[in-house]
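Start at 1 and go down the list; that is how both ligands and their atoms are numbered.
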Amino acid sequence: MASDHRPGARGKACRAPSAGGGGAGVKIAILFDPGAADWTPEDIRGVMKAVDEIGTIFGTKGHKIRKIPVRHDMRWFQTARRADLVFNLCEGVHGKSEWEEHVVGTLEFAGIPVTGASLWTLAACRRKPIANSLLQQAGLPIPRWTVAQGKIDDAFPLPAIVKPAAEDASAGVDRGSVVSDRKTLRARVAAMTEQFDEVLVQEYVGGREFNVGFVGNRVLPIAEIDFSRMPEGAWPILTYAGKWEIGSPDDLGSVPVCPAAVPQKLADRLVRIADLSWRTMQGKGYGRIDLRLDDAGRPWVLEVNPNPDLNDDAGLSRMAKAAGWDYAELVRRIAEVALREAQGAKAARELLAPSRRPRATRTA
Ligand SMILES: Nc1ncnc2c1ncn2[C@@H]1O[C@H](COP(=O)(O)OP(=O)(O)O)[C@@H](O)[C@H]1O
Ligand SMILES: [Mg+2]
């Protein structure tokens, strides 16, 4: 199944940073998803806002910006391959999140520096059963879960949440996602299976919800979703409406707060768990880990989000601001992390490449 996603930009072409600093400007290609037939003008504006702002941040520094819509015809790649750095805002192609990793994979294969996570991390994290298995294997606390193959074991603990196994951005999550009796669980699983290829049922963890963000190796201040104003009778979860329908009761009832008011001991514990989760999924670039506490105050990992929404009003930017970085600083650091890593990889290739004209070793 596809889900709405936003990334994007369009513009001109680039040439790059000999990443050390000449002053001729770096060629930066900003990639974005131009959208699909069912995208509203507002969806497209959301994508283009980040594209344009990021373009301006680098453009005013004298770098050469190209904003490139990504489509299946691969014309995007002909331009992107000439860039010194690709700033990747694609969260899918034509709104299909399953194409996100292909864009990154193409760039990785061609050896072009790209911001954010790798193909492997994106692909593994998007499939929650795969990520959950790996995280569990690493000893991380993952709420009990199963993939419902159209039906669900009667012994599964309740309440439970039913969510798509391979979506993000709260796609498929609404007021009916949490179920507390068997009959409703069976009905919800059946309904979700009609809509999504794979459906995950997970034990519901109902305490405070936190986000821990990363840029490179740096951990940002912890954020919390304050559900205290959720409408009467609604479960305190971040639904699709809560995330995307501005002014809706679910939106007004799920308020991000950063930095979160947490005792140091809990903060350390959340960061330790988030950090191991990020490393287990080989996270690089930038990411965000979602966690919740249970009734006993123990943290559980809900998911690892590589390349989370980079708009200025989204979670990562809010966390960066709490760290003292304005939006431009966040964007610059994300580019810097990607270039540094690419330089390391380039240096390694040079070190190991056979010399072109082997010469006889002279001894004298
Ligand atoms: N096991 C769970 N227990 C309690 N709430 C959950 C659980 N899983 C998901 N949620 C709620 O649903 C929201 C979306 O789920 P999440 O797994 O983060 O998927 P997405 O990829 O759509 O963000 C979370 O932010 C949280 O509020
Ligand atoms: Mg999430």
Considering non-hydrogen atoms of the protein only, which is the closest contact for atom 13 (C) of ligand 1, and what is the distance?
L238 O, 3.5 Å

Of all the atoms in E303, is at least one N, O or S atom closer to the Mg ion (ligand 2) than 2.8 Å?
yes

Do the side chains of E91 and R126 get close enough for a salt bridge, i.e. N-O under 4.0 angstrom?
no

Can we say R186 and D154 salt-bridge, meaning some charged N sits less than 4.0 Å from an Asp/Glu carboxylate O?
yes

I161-ligand 1 polar pair, N/O distance under 3.5 Å:
no

Quick one: does ligand 1 sit under 4.0 Å from the side chain of D290, the backbone, both or neither, non-hydrogen atoms only?
side chain

Side chain or backbone of A169 under 4.0 Å from ligand 1, or both, or neither, by non-hydrogen atoms?
backbone

Which protein non-hydrogen atom lies closest to atom 4 (C) of ligand 1, naming both residue and atom, and how far is it?
V205 O, 3.1 Å

Salt bridge check: are R45 and E42 linked by an N-O gap of less than 4.0 Å?
no

When you check the gap from the basic side-chain N to the acidic O, do R175 and D250 get nearer than 4.0 Å?
yes

With a distance cut-off below 6.0 Å to the six-membered ring centre and an angular limit of 45° from the axis, does R144 pair with F156 as a cation-pi contact?
yes

Region of I237 engaging ligand 1 - heavy atom pairs below 4.0 Å:
both

Would you mind telling me if ligand 1 is within reach of the side chain of K128, the backbone, both or neither, using heavy atoms under 4.0 Å?
side chain

One pair to check against salt bridge (charged side-chain N to carboxylate O under 4.0 Å, His left out): D73 and R75. What are the steps and the verdict?
CA-CA 6 Å; D73 60 17; R75 277 191 309 175; 3.2 Å; yes

Applying salt bridge (charged side-chain N to carboxylate O under 4.0 Å, His left out), run through R279 and D275 and close with a yes or a no.
CA-CA 6 Å; R279 282 187 287 117; D275 182 59; 3.1 Å; yes

Below 3.5 angstrom, do we get any N/O pair linking E303 and ligand 1?
yes

Quick one: do D174 and R188 make a salt bridge, cutoff under 4.0 Å?
yes

Among the N, O or S atoms of D290, which one sits nearest to the Mg ion (ligand 2)?
OD2

Compute the shortest N/O to N/O distance between F227 and ligand 1 and return yes if it is under 3.5 Å, no if not.
no

May I ask you to say whether D312 pairs ionically with K321, meaning some side-chain N is under 4.0 Å from a carboxylate O?
yes

Would you kindly specify which portion of R292 sits under 4.0 Å from ligand 1, judged on non-hydrogen atoms: side chain, backbone, both or neither?
side chain

Short N-O contact, D313 and R318, less than 4.0 angstrom
no

If we number the atoms of ligand 1 from 1 as shown, the ones under 4.0 Å from a heavy atom of S170 are 14 (C), 20 (P), 22 (O), 23 (O)

Checking the N or O distance criterion of under 3.5 Å, is ligand 1 in contact with N305?
no

Give the single entry among E203, E209, E167, K163 that approaches atom 27 (O) of ligand 1 most closely by any heavy atom.
E209

